[in-house]
2 protein chains.
Amino acid sequence: MALAIGAVAHGQVVEDFLPSSANQPGKEYPKVNSERRVRVQISAPDANYVQLDIGAVKYDLVKDENGVWTGESAPQDEGFHYYQLNIDGASVPDPGSLYFYGAGRWGSGVEIPAHDDEFYALKNVPHGQVREHIYFSEIDDATRRCFVYTPPCYEHNPEKRYPVLYLQHGGGENETGWSAQGKANLIMDNLIAEGKAKPFIIVMDNGTWRMPERSRPADGGERPRGPWPPTGWADGFMNILTKDIIPMIDSNYRTIANQQNRAMAGLSMGAMQTRVITLANSDLFSHVGMFSGGSISIEDIEANPDFINNVNLLFISFGSTEVESGRYNMGTDPALNVEELKKRGLNAHYYVSPDTAHEWQTWRRSLYQFAPLLFQD
Amino acid sequence: MALAIGAVAHGQVVEDFLPSSANQPGKEYPKVNSERRVRVQISAPDANYVQLDIGAVKYDLVKDENGVWTGESAPQDEGFHYYQLNIDGASVPDPGSLYFYGAGRWGSGVEIPAHDDEFYALKNVPHGQVREHIYFSEIDDATRRCFVYTPPCYEHNPEKRYPVLYLQHGGGENETGWSAQGKANLIMDNLIAEGKAKPFIIVMDNGTWRMPERSRPADGGERPRGPWPPTGWADGFMNILTKDIIPMIDSNYRTIANQQNRAMAGLSMGAMQTRVITLANSDLFSHVGMFSGGSISIEDIEANPDFINNVNLLFISFGSTEVESGRYNMGTDPALNVEELKKRGLNAHYYVSPDTAHEWQTWRRSLYQFAPLLFQD
């Protein structure tokens, strides 16, 4: 990849920066201004150069007489972004931000205030819990961890049982992503407080998969011929999900343990897993959401005829920038797919997040649109 | 503070390094050898110098022809240690480790395998949950967060009610410390699985306090005259704990909501808070633990005569290095205090963690010793 080196002349920058809401307690930097630029600052008196690395662009920082480096990015999209600092060639987290798991590592994150950030704001409403749940998987022969969101009423209605959404992260992310970056718990708390969504349990597990060694391309080489991702790539997580996780959740939480009250959704890689797993297991899932990770085509339906009979709801979404770039187009056009599936009688929905790309603001909005549609039948 | 600069000649180092168990998934560094040295490695091709900063000592790393820096520390104590990298004067987290909140920031941590690490190992036993619990505090006029450990049987005995331990972190740490660094949940899961401790709920909240502006010393100046910490320093958290947190926990969890089934403990600053809060509120707490943060003296008891009548158990502990250095001695000798309190009829216990200092291995062991004593009467 060619590295774009960014530089911003100070005369262009609006000086109304405020600390990011994703900062560590008491930390002033990173800051964001009304143009949605990210300004970082770090003391590195003996460094040769320091850069802000955000959105696949590196921006040079400038050192002052005290050895403190400061600089800012071009305007970013609204919402959450991963970033790192580059100090003399070392890519490291910024000591100012909280840390999030993405790109296969714990790194820095920054929040660009969004015009619609009310829907995931921390408000004085009844809050559900996010529970760290450790369990043993027979399939994996290992102790694993998931996070489970229980809605605010869960503790106060000890007899009530709830539907469940299995909600997956993207590639390079893990089971912490949907609550930390995605704010799934706050989105649900707010929707439930406003009476806009039915309370349900959300299970967030780790769907990271390893490419089989034989299909791994040599450094710089071509991917092997055949379909991509390779056939069977989602089998590992499908087995763990259907044989270990679902029974474990049904025996530990007050679920309504049937297909009508079980949904699956995911973002990017998690959407691709959702597609493969729900096409093969429409007897287990009635509601399906795919955010920024392909869609269901007529060919898919014809190869898996149970899907259209079994599934009550299909929700497909993308960021507008993904749609404009054609990135979303994995062989078929999702908007056309949705129209075609509607004609065949499927309750299919298509949503495009305005002015966002393959990023968390798209997926927060997707969950906000998707959740009110769940378990309404 | 004078900076000690460490350096280790490679000839002295035993080459049996293994990745730390606190590393990020798939990361090889930091590594630890059988001498308990910590070796770090980072690519920083254009840096002038890189150091490992651990245990208040900085160790110089050496660059190879590929721009990768490597080096190691002197032997460390068994258990968990905070550390950072110093790249040309910038103090940053190591991209290889998981991150933990200590020293007032999220930073790197490393695990030195301990001879007794079985008691906090992740095993295939029934596991409790650690729940992120968001609530509104009237006292704070803010939304706050605590973590709540519920024991393994909690979900499967919907009628059963449980005692509660309020467990506090140290200065510069927060409500995440006792489960992330302390492994309190795994210690309890293992104790309960072996039948060595009664199941109880643990509440871990944020006890960070701000020094009143008027009592803050000028840079480099003397602390103001009078007692230290200043009188009233624990009042803020005492109010939140007694007026907001305890009622909130009692209304959201199946607690046994009385003094006989309520304990408080903490480490370092959290122990000092435990002392102040339980002396003033022995009608609320029956079991008291102070790890590396002073003790209860005869003068304390005489000033608060209800304490000795109300409290069923007092547990005082330190790391052996703290005892040897006299650091523990905050005006009174805790071992003598414990003996004196026993003579007065208090069920008092004194524990010294072998070969550890003011650090998490002392506190993990303290919880392991303390928990089996709780709620046995």
Side-chain angles (χ1 to χ4, degrees), chain A residues 24-27 42-50 67 69 84-85 87-99 101 104-107 122-125 127-136 142-143 145 147-148 150 155-156 158-159 174 179 185-186 189 206 208 251-254, chain B residues 24-27 42-50 67 69 84-85 87-99 101 104-107 122-125 127-136 142-143 145 147-148 150 155-156 158-159 174 179 185-186 189 206 208 251-254:
Chain A
Q24 296 187 27
K27 295 294 176 86
I42 188 168
S43 173
D46 301 321
N48 298 307
Y49 61 90
V50 180
W69 297 76
Q84 291 280 93
L85 297 182
I87 305 175
D88 289 342
S91 178
V92 293
D94 181 347
S97 80
L98 293 174
Y99 303 135
Y101 196 75
R105 48 117 178 94
W106 287 90
L122 176 62
K123 299 178 188 173
N124 185 7
V125 297
H127 290 283
Q129 300 174 354
V130 177
R131 308 177 180 198
E132 181 182 3
H133 191 115
I134 296 170
Y135 64 98
F136 185 79
T143 301
R145 171 174 89 158
F147 287 89
V148 180
T150 53
E155 289 299 322
H156 294 283
E159 302 299 319
N174 71 8
S179 50
N185 53 329
L186 300 183
D189 292 344
N206 191 324
T208 303
S251 73
N252 282 279
Y253 293 85
R254 298 193 312 276
Chain B
Q24 296 187 26
K27 297 292 176 84
I42 188 168
S43 174
D46 301 321
N48 299 306
Y49 62 89
V50 180
W69 298 77
Q84 290 281 94
L85 297 182
I87 304 175
D88 289 341
S91 178
V92 292
D94 181 346
S97 81
L98 293 173
Y99 303 136
Y101 196 75
R105 49 119 176 92
W106 287 91
L122 176 63
K123 298 178 188 172
N124 185 7
V125 297
H127 291 283
Q129 299 174 354
V130 177
R131 307 177 181 197
E132 181 183 3
H133 191 116
I134 297 170
Y135 65 97
F136 186 79
T143 302
R145 171 174 87 157
F147 287 88
V148 179
T150 53
E155 290 299 322
H156 294 284
E159 302 300 319
N174 70 8
S179 51
N185 53 328
L186 301 182
D189 292 343
N206 191 325
T208 302
S251 73
N252 282 279
Y253 294 85
R254 297 193 312 276

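The structure presented is a predicted model; accordingly, all values stated were derived computationally and were not measured. Below, read A as the first sequence line, B as the second, and so on, with proteins coming before strands; counting in each chain starts at 1.
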(Q) Heavy-atom pairs under 4.5 Å with chain B: which of A:Gly89, A:Ser251, A:Pro158 has the most? (A) A:Gly89
(Q) Please rank A:Tyr253, A:Trp106, A:Tyr135 by heavy-atom pairs under 4.5 Å with chain B and give me the top one. (A) A:Trp106
Using heavy-atom distances under 4.5 Å, tell me whether [X] contacts chain A through its side chain, its backbone, both, or neither.
X	value
B:Thr150	neither
B:Asn185	side chain
B:Leu98	side chain
B:Pro93	both
B:Tyr101	side chain

Which bit of [X] is near chain B, if near means a heavy-atom gap under 4.5 Å: side chain, backbone, both or neither?
X	answer
A:Asp94	neither
A:Pro45	both
A:Gln24	side chain
A:Tyr49	side chain
A:Ile87	both
A:Ser91	backbone

Taking every non-hydrogen atom, the tightest pair across [X] and [Y]:
X	Y	answer
A:Pro95	B:Val92	CG-CG1, 3.9 Å
A:Leu122	B:Ile134	CD1-CG2, 3.8 Å
A:Tyr99	B:Tyr99	CD1-CD1, 3.3 Å

Q | Qualifying residue, where the test is side-chain hydrogen bond (donor to acceptor under 3.5 Å, both in side chains) with A:Asn252 and the options are B:His156, B:Gln129, B:Glu155 | A | B:His156
Q. From B:Glu132 CD over to A:His127 NE2, what is the distance, rounded to the nearest 0.5 angstrom?
A. 10.5 Å
Q. Any donor and acceptor pair, going by atom type alone, linking the side chain of B:Asp46 with main-chain N or O of A:Asn48 inside 3.5 Å?
A. no
